[in-house]
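Data first, discussion second: the structure below is written as structure tokens.
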Amino acid sequence: MGTVYAKSVDQDADKESVRKSDRIDLQSLKAQVQRVHVAGIGRTKEDIIISSVKDVFSANNFQSVVLKIHEARSRLEELGCFKGVDVLIDTYEGSDALTDGIQVTFEVEEVKVLGAQANTAVGQNEALFNGGAALRNILGRGEHCTVSYGRGTKKTTAFAVTAVKPIHDRFRSRVTSSVHQSSLEAGWSGYKLLERGAALGVTFNTTPTTSHELTAEAAWRHLSCLSKTTAFGVREHSGHTLKTSIRYCVSVDTRDQHIFPTRGHLLRAQTEAAGYGGNVGFSKSELQLQANQALAGELSFDVVSAGELPFDVVTQVSLSLGHLAPLGSKGFTIADRFFMGGPTTFRGFQMGGVGPHSDKCALGAQSYWLGSAHAYAPLPLLPRGSFVDRFRLHAWASAGTLADPAAGGADAAANLAARMSLGAGVAVNVGGVARVELNYCVPVRHRPWDKTQPGLQLGIAADVL
Amino acid sequence: MPQVLLSESISAELGAQDPWPSDVRLFQPFEVEQILLPDSAACLSVAAFLKMCKLDYKKEERANAEYMSPSGRVPFIKAGAFVVAELDHIITFVGHKTVVILYRGTELDAVVFGHLLSCTCSHVVILYRGTELDAVVFGHLYTLLTTPLPDAGLASVVRSYPSLVSLCRTIEGEYFKTPTKGNKGPAPPTGQPPTQSPQPIPSQTTPAQQPAGGGVESNGEYDKLEDISQPYAPTYEAVTVPRHSAVFPWPLGALLTWRRRRAVLRKLHLLGWRDKTLQEVYDEVNNCCRALAQRLDNMPFFFGKMGTELDAVVFGHLLSCTCSHVVILYRGT
């Protein structure tokens, strides 16, 4: 919050009570906001500022004034128009001033129209380095447009132009449109996918923790083989396809943080229907659940060097499910199918290592389930600090399978059997956006064609289940 | 040795250790709706060649055959674990198998070997080289003859050579009309403006010089032929566009057709064919047809039944080509 200057009001009774307790009871301090100034406005439009701050006028005591100002300040910051917002509260001394009248000044600094950005993102077990330019607050209501180019550590490249138009309603809706081109090398299946597409979407929040996303997308995909040894089952899918789809995603996230949550749960459901137009038709649904519970206290003991800090253990249970079904007669390609394995999904297996294979190429499948249980603990015997707190020891056990339930044959039936792995390792929180894990994995149950990775496995992921 | 990529050699070498598999599949685009003229010529050539060699295969039509092919060209065959694309590589692949079959046969029995050597071997090999050329010519000319194009000029040029037409009839009647193994001949070829299939032929008439060269040449010419008609607007609009975009949804079809046209025009430009008029193209075709007709003379096939006459040529061809072990065996006997 900005600096708050509160001049004492000439109300003896209040003064008395305040002095007696040596504490200021803000609730009993009458205050009426009579003027709000917003300084520093350039191209930002008035209407969105007024709707952000007008709530301040409804406050009738000093405590609610402070709270309302705080809320208004958050709203101003969320508009995406300002770099910084400072607040100044003063008594109002105009000709129509009330005895308890105050005025509030928001000092804002607008973002520059043109900006550059560089960041690191995380994809399927690879790091992506993005750079780009952004046009911010273009029309004065928080609209922005970004152009970005990214290159991954595993030959993934991505180019995107995105335009976002916030609608300043109570659902915090945003309309997003984008044009993108991306190239992905799926080495585990021996194919390369070049995708060019356009998408138009709406996101809105019905509660602070519940967000919805509805997207219509058209993508032109060119799938080609990585080498001559690519399995024929993969080769058959080569060529151009046009996918048009509608995707709906809802997520309820009450976790306290994304990387190492200590409490709360996550529910994310996504369904996609493709086939109206284009030559690909399928319906694809996925569900992810995660619950976290801290066991602080029960297992705590004093660590000598850390003094009184408890040994916090957090348990995490997660489950994910997915199913893909053909829609109409159009069929789908291997790029639409599910793959499983690798440190972001099923530790102890190589990327895409679980499920049907042909000539060492993963073929993917139409259904999967994967459940796992984790226990996280801070590094023992070390003094706690911001650096050490980025690390966690963890142990896990996972079970899951990836198969085509409808497929015939002995292999298909064998694929239905659950795989299992367990292990332990160290995980690091990198900048609050990703985590890097080094694990010792023991695949306990697997099929002969699965590609396992027993022993040490290094993983990097933005979102781990 | 001609320019055969190392990987090709290795795959052919490995492939040669097995006999011709029973589940060979020939992949090509849809004949009725999709295939373009040059692709049709190539597919027919391969089909004719395989049938002449009496090798069983099953034809499969796929909309994405062009993209499934390792070289990006149709047709391609899948024989066991091997995927071999385009006529010249298929011929090489088949050639290895043929030789090895002979080799094994002779190893088993000296008498058989002698017999093979004196009659079958030379005959088989001659047939093989001869049919390769026959197959290429048939594929291209038959396509020209049977495809309805906006301009009938190409077909009429070919029709003016009765011996070539009768060659096509003979091959069609002998190999494609009889339903062998349920394969019906590729009857309705179609599509894109091909050009002159004939160009490779002159060089091939001297097989001894060019063991694997035939394939390479046919490729180059294939390219040229292919798209002479791309610049020719009526054909492009009436045949190429609807066929090439037939299997893709709007607007992908138009986009991919445009991309292909651009690539083809670039290639034609490099080959110096970009600015030829239709009449010049017809003249080229005419020249090629004349050369072919002269070579064909009155024989049913380019190499006829005159196996003995060509023995020396074939031997030289074998020697320079790949089958050193056959030669050694020959000397041994």
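Note on naming: letters A, B, ... go to the chains in the order of the sequence lines (proteins, then strands), and numbering restarts at 1 for each one.
With chain A as the partner, the residue from P70(B), G72(B), P251(B) showing the most heavy-atom pairs under 4.5 Å is P70(B).
Relative to the six-membered ring of F338(A), K284(A) meets both conditions, a distance below 6.0 Å and an angle of at most 45° to the axis.
Counting only N and O atoms by type, the side chains of T271(A) and S285(A) include a donor and acceptor under 3.5 Å apart. E195(A) and S182(A) share no donor-acceptor pair across their side chains, judged by distance under 3.5 Å alone.
Interface remark: T241(A) contributes backbone atoms only to the contact with chain B (heavy atom separation under 4.5 Å). For H222(A), the part sitting under 4.5 Å from any heavy atom of chain B is the side chain, from C-beta outward, and nothing else.
Here E60(B) pairs with R25(B), R62(B) under the side chain to side chain donor-acceptor pair (under 3.5 Å) rule; sequence neighbours left out.
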